[in-house]
Amino acid sequence: MPELPEVETVRRGLASVVTGRRVDAVSVLHPRPVRRHAAGPEDFAATLTGRRFGEPRRRGKYLWLPLEDGDAVLAHLGMSGQFRVDAPAAELPRNTRVLFNLDDGRQLRFVDQRMFGGLSVSPGGAELPDEVAHIGRDLFDPDLDVDALVARIRRRGSGIKRVLLDQTVTSGIGNIYADEALWHSGVHYDHPADGLAPRRVRALLDAARDVMSDALTVGGTSFDALYVNVNGESGYFDRTLNAYGREGLPCARCGTPIVREHFMNRSSFFCPRCQTVPRRES
DNA sequence: CTGTGGTCCTGTATGC
DNA sequence: TGCATACAGGACCACA
């Protein structure tokens with residue numbers, strides 16, 4: 001459930017479940033989600049058994065569960081990852097990949113249909129896993145330097161949406177919230193980043209933060225059962241989307257039908273009237 | 001360094 | 001009904 005509001009929704013759900021809990025047993029049902037653990041699935045299970053979780057943390061779309069000894073379990077939900085909590089005897093959701101039995105009798109399940117995401121052990125990663133260090137601070141990070149971020153974005157020559165989706169620049173924004181932020185600020189997805197005035201970049205980042213904040217208050221965006229919180233419930237933000245998924249529907253600002261184009265092997269939705277790109281010079 | 005495109009997976013919707 | 005194709009919210013890696 002992949003973008004920042006959905007990952008944060010999961011983090012909050014996990015916080016109330018795993019913090020302070022000891023792992024009694026681990027079962028890896030499919031090797032792929034732990035592929036980044038070089039020592040293999042059996043070692044992954046053995047090395048975590050008996051250890052205790054601290055409070056889950058997040059940067060961008062990365063999530064990690066610190067262990068009390070300073071290591072961490074790093075998680076990325078990829079396109080379809082979920083964490084679910086239930087009684088061990090409860091039926092497993094389809095595509096359940098990894099199980100953690102907790103010392104309070106509950107079971108944490110990592111479920112992932114497409115398996116683009118995964119889990120790994122990050123030695124010494126409790127504070128900030130090495131695997132996350134290359135990711136830029138997200139828009140909710142109190143230590144984010146917005147001026148530096150604006151300047152960095154404006155040094156890039158590619159289309160602004162590609163830059164927004166580059167997690168090393170700023171993290172947490174995915175395809176939905178990129179389209180929504182661009183719609184709110186009236187910027188075309190392929191507008192060259194270095195051709196945007198500083199105040200427009202700043203407005204775009206403000207819009208991205210606002211739209212993700214609004215999404216978070218309703219539990220994130222979900223179109224179907226693939227994106228749910230730890231209790232299996234969907235968010236409601238899809239009812240508030242203005243661009244994403246709205247091909248052919250009228251723009252809420254001007255009534256022009258929303259257009260869908262393919263960009264970076266994915267869909268971009270935008271209003272052709274509110275979001276026009278200046279002709280690139282050649 | 002920046003920029004681009006292919007690839008990793010399973011499942012669902014749509015079209016012929 | 002079968003079968004093929006397109007598409008899905010992400011990130012990594014090779015290569016120019």
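What's counted below: heavy atoms across the whole structure, side chains too, no hydrogens, waters or symmetry copies. Lettering of chains follows the sequences in order, A, B, ..., and the numbering in each one begins at 1. These numbers were taken from a predicted model, which means no experiment stands behind them.
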task: Write down the distance between CD (Glu247(A)) and C1' (dA6(C)), rounded to a whole number of angstrom.
output: 13 Å
- prompt: If you check every side-chain atom of Arg156(A), which of dA11(C), dG3(B), dG10(C) has the closest atom?
  reply: dG3(B)
- line: Whole-Å distance, Ile135(A) CD1 to dG10(C) P, equals 13 Å
- prompt: In whole angstrom, what separates Leu63(A)'s CG from dG9(C)'s C1'?
  reply: 16 Å
message: My validator wants the stems of DNA chain B: runs of 3 or more consecutive Watson-Crick or G-U pairs, both distances under 3.5 Å, written as range with range.
response: B:2-8 with C:10-16, B:10-16 with C:2-8
- prompt: Which of these, Leu48(A), Thr47(A), Asn101(A), Val34(A), sits in a side-chain contact (heavy atoms from CB on, under 4.5 Å) with Val26(A)?
  reply: Leu48(A)
Atom pair distance, as rounded to whole Å: OH in Tyr244(A) and C1' in dG10(C): 12 Å
- prompt: Quick one: does Asp71(A)'s side chain have a donor or acceptor within less than 3.5 Å of a partner on Pro123(A)'s backbone?
  reply: no
- request: Identify, residue by residue, the members of residues 165-174 of chain A with a heavy atom below 4.0 Å from DNA chain C, and return them in order of residue number, or none.
  value: Gln167(A), Gly174(A)
- prompt: Separation of Asp179(A) atom CG from dG10(C) atom C1', in whole Å?
  reply: 15 Å
field: Any Arg109(A) side-chain heavy atom under 4.5 Å of Leu92(A) side chain
entry: yes
- prompt: Under 3.5 Å, is there a donor-acceptor pair linking the side chains of Ser120(A) and Glu131(A)?
  reply: no
message: Can you pull out the residues from residues 118-134 of chain A that lie within a 4.0 Å heavy-atom distance of DNA chain C?
response: His134(A)
message: To check you understand the geometry: which heavy-atom pair defines the closest contact between His262(A) and Ser267(A), and what is its length?
response: CE1-OG, 3.9 Å
query: So, does Arg97(A) use its side chain to make a donor-acceptor pair with the main chain of Asp112(A) at under 3.5 Å?
result: yes
message: Any side-chain to backbone donor/acceptor pair from Asp103(A) onto Arg22(A)? Under 3.5 Å, distance only.
response: yes
Pairs where residues 106-132 of chain A contributes a residue and the test ring pair (Phe, Tyr, Trp, His ring centres under 6.0 Å) is met, not counting sequence neighbours: Phe83(A)-Phe110(A)
query: Any chance the side chains of Gln275(A) and Tyr189(A) put a donor and an acceptor closer than 3.5 Å?
result: no
query: Any side-chain heavy atom of Thr221(A) within less than 4.5 Å of one from Glu6(A)?
result: yes
task: Report which part of the nucleic acid Tyr177(A) touches: base, sugar-phosphate, or nothing (heavy-atom distance under 4.0 Å, all strands).
output: nothing
query: How close or far is atom P of dG9(C) from atom CD1 of Ile176(A), stated in whole angstroms?
result: 7 Å
Separation of dG10(C) C1' from Lys161(A) NZ (nearest whole Å): 13 Å
- request: Round to a whole Å and report the spacing from CZ of Arg162(A) to C1' of dG3(B).
  value: 6 Å
Whether Asp141(A) side chain and Asp143(A) backbone form a donor-acceptor pair below 3.5 Å: yes
field: P gap between dA6(C) and dG6(B), integer Å
entry: 14 Å
message: Heavy atoms only, 4.0 Å cut-off, all strands: where does Phe263(A) land among base, sugar-phosphate and nothing?
response: nothing
query: Any chance CZ of Arg253(A) has more than 12 other-residue heavy atoms, nucleotides or ligands included, within less than 6.0 Å?
result: yes
message: Strictly below 4.0 Å: does His76(A) bring a side-chain N or O up to OP1 or OP2 of dC12(C)?
response: no
task: Could you name each residue pair satisfying ring pair (Phe, Tyr, Trp, His ring centres under 6.0 Å) that touches residues 146-185 of chain A, not counting sequence neighbours?
output: none
task: Report which part of the nucleic acid Arg35(A) touches: base, sugar-phosphate, or nothing (heavy-atom distance under 4.0 Å, all strands).
output: nothing
What's touching nucleotides 6-10 of chain B from the protein side, N or O pairs under 3.5 Å?
{"from": "dC8(B)", "atom 1": "O3'", "to": "Arg32(A)", "atom 2": "NH2", "distance (Å)": "3.3"}
{"from": "dC9(B)", "atom 1": "OP1", "to": "Arg32(A)", "atom 2": "NH1", "distance (Å)": "3.2"}
{"from": "dC9(B)", "atom 1": "O2", "to": "Arg114(A)", "atom 2": "NE", "distance (Å)": "3.2"}
{"from": "dT10(B)", "atom 1": "O4'", "to": "Gln113(A)", "atom 2": "O", "distance (Å)": "3.3"}
{"from": "dT10(B)", "atom 1": "O2", "to": "Gln113(A)", "atom 2": "OE1", "distance (Å)": "2.8"}

- prompt: How would you label the contact of Arg266(A) with the nucleic acid (heavy atoms, under 4.0 Å): base, sugar-phosphate, or nothing?
  reply: base
field: Closest nucleotide among dG10(C), dC7(C), dG3(B) to the Ser158(A) side chain
entry: dG3(B)
- request: State, yes or no, whether a side-chain contact exists between Arg51(A) and Glu68(A) at a heavy-atom distance under 4.5 Å.
  value: no
- prompt: Roughly how far apart, to the nearest Å, are dC3(C) and dC9(B) at atom P?
  reply: 25 Å
- prompt: Will you find, in the side chains of Lys61(A) and Ser171(A), an N or O donor that is under 3.5 Å from an N or O acceptor?
  reply: no
